[in-house]
There are 2 protein chains.
Amino acid sequence: MSSPPAADAGTPSFSPLYQQIRALILQRLQAGEWRPGEPIPSEIDLAARFRVSQGTVRKAIDELAADNLLVRRQGKGTFVATHAEQQVQYRFLKLVPDEGTPASEGPAERTIVDCRRVRASADVARALALRPGDPVLQVRRVLAYGGEPTILEDLWLPGGPFKGLTAERLAQWRGPMYEMFESEFGVRMVRAEEKLRAVLPDTDQASLLGVTLQTPLLSVERIAHTYHDAPMELRRGLYRTDAHHYRNDLG
Amino acid sequence: MSSPPAADAGTPSFSPLYQQIRALILQRLQAGEWRPGEPIPSEIDLAARFRVSQGTVRKAIDELAADNLLVRRQGKGTFVATHAEQQVQYRFLKLVPDEGTPASEGPAERTIVDCRRVRASADVARALALRPGDPVLQVRRVLAYGGEPTILEDLWLPGGPFKGLTAERLAQWRGPMYEMFESEFGVRMVRAEEKLRAVLPDTDQASLLGVTLQTPLLSVERIAHTYHDAPMELRRGLYRTDAHHYRNDLG
DNA sequence: TAGTGGTCTAGACCACATA
DNA sequence: ATGTGGTCTAGACCACTAC
């Protein structure tokens, strides 16, 4: 009790205690010690483990909650965030109908157009931090709302973490794809960055979306990352924006 | 000292103390008591004024800083956020060049195409929380990068707060338009929401941007708000995305 | 009733900026 | 040397949830 409290468990550098605690919690999240949806130990418990005050643990958790990695629930505990929760489903999908709410038009009808194992091209490899030629899973699917094909998505997943993923399993899954990644492959996406452009479709894309070659479409290239910013998915979407729009809030 | 600390200055409801403090600070910000770029009183000072602990003031300021309304600077103080700071200039502009950094291509060349006083149409009135027919200022301008016209913007401002704004003053201003709104009209934009679509230009738009009628463009409709979510600007942008893209980070 | 996170306080010390 | 925000602690009490 005479020496200052130490929370070292392999953490190297000098930084505020609560940042070190944050890093330790992050490590355990990444290691899968606490799985999505499950509660992490209480603040008092963690404070005892790490030999720091509850206030310091609290500040570490505050940051992780602000980053959407943890969710606090008063009276219940602190939980590992998940894409499965009703509230935050489709957290990364910003396309909303011009009229009504996303819920009002019901869930999307999904069609897997293609799903196969390929070798990473140069740009896919760069996006996923792989080497060209490395095995990746390539998927093409169409999302329709009220019978109208609205989104065409091509996505690439690194072969290693997603070993065993097939068109059948994709087609059978109900609910968000990111929820399946969590529960079936232990890959939780925590952050994504998107590049948007206006483009015209090629003939394949136009026919899959049921539009002409002169229809402007919103191109959305997304790279989704898991813990520690490791890229785990490249997704290229083509959105019809005749009855929907991409909504963005600037803080 | 015997009674519980009270921070009431017209605040009505029961809510955490720090939320009440936050509301009080917000009021003073809105009233212009502390202007953009200026420091607000120190935490100790505010704690004394409001008769609460420094920790409570700190938590209130933490939230306001997270919302980009205040900026903390260690050793110096806490300052009212402003669009004038080098770091956060063009905070609401998400169009970046495909290669290089926004800075590398230098500031945009700006041309005011049109600027006049009109009566609000139905949709402009709705966006700005005015009544149809109310006076508004309508501006059209083109932004070019490296000689290439890239952005065409139409914007509408409520006539009252922006009385005295003319094409000359707009053309003469160097730096971000939102900085001018702050320093010349006392209107600080704190939040914005955008709706994005892919569209084709009409003939006027195409000629101003130097593109064909078949060139897909990114349509960005923005409503910018000042304190307390009051809408103060409607802006409709058309972005060329052949050498730029709209970058968005999803937390 | 017990356990959780949420609020509030008081005080100590540190890091940074300025004079 | 002084004043600012940043960190850390310890303890009290509140609000919510579950049993």
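In this structure, of dT9(D), dT9(C), dA17(C), it is dT9(C) that holds the atom nearest to the side chain of T56(B). Considering only the side chain of R72(B), dG5(D) comes nearest among dT7(C), dC8(D), dG5(D). Among the nucleotides dT7(D), dT9(D), dG5(C), the one closest to the side chain of S42(A) is dG5(C). Side-chain proximity of Y18(B) to dT7(D), dG6(D), dT7(C): nearest is dT7(C). In this structure, of dG6(C), dT9(D), dA15(C), it is dT9(D) that holds the atom nearest to the side chain of L17(A).
Counting to the nearest Å, the P atom of dC8(D) and the CZ atom of R51(A) are 17 Å from each other. As a whole-Å value, the separation of I44(A) CD1 from dA12(D) P is 13 Å. Atom P of nucleotide dG3(D) and atom CG of D45(B) are separated by 13 Å, given to the nearest angstrom. The distance between atom CD1 of I61(B) and atom P of dT4(D), rounded to the nearest whole Å, is 12 Å. For L64(B) and dG5(D), the CG to C1' distance is 16 Å, given to the nearest whole Å. Regarding Q20(B), its CD atom lies at a distance of 12 Å from the C1' atom of dT7(C), rounded to whole Å.
Within 6.0 Å of atom CZ in R169(B), more than 12 heavy atoms from other residues, nucleotides or ligands are found, so the atom counts as buried in its surroundings.
Side-chain contact check for D62(B) and Y18(B): no donor-acceptor pair (N or O, by modelled atom type) lies under 3.5 Å.
For an aromatic pair to be called close, the ring centres must be under 6.0 Å apart, and H83(A) with F181(A) fails this.
R58(A) comes within contact range of at least one nucleobase, with a heavy-atom separation under 4.0 Å. In this structure, E43(A) reaches the sugar-phosphate backbone alone: every heavy-atom distance under 4.0 Å involves primed, P, OP1 or OP2 atoms, never a base.
Nearest-nucleotide mapping onto DNA chain D: of S53(A) and Q74(A), the residue sitting toward the 5' end is S53(A).
Taking 4.0 angstrom as the limit, T78(B) places a side-chain polar atom (N or O) nearer than this to OP1 or OP2 of dG5(D). Applying the 4.0 Å criterion to OP1 and OP2 of dA18(D), one finds that K76(A) has a side-chain N or O inside that range. Side-chain nitrogen and oxygen atoms of K59(B) include at least one within less than 4.0 Å of the OP1 or OP2 phosphate oxygen of dT7(C).
When atom types are taken as modelled, the side chain of N68(A) and the backbone of G251(B) share a donor-acceptor pair closer than 3.5 angstrom.
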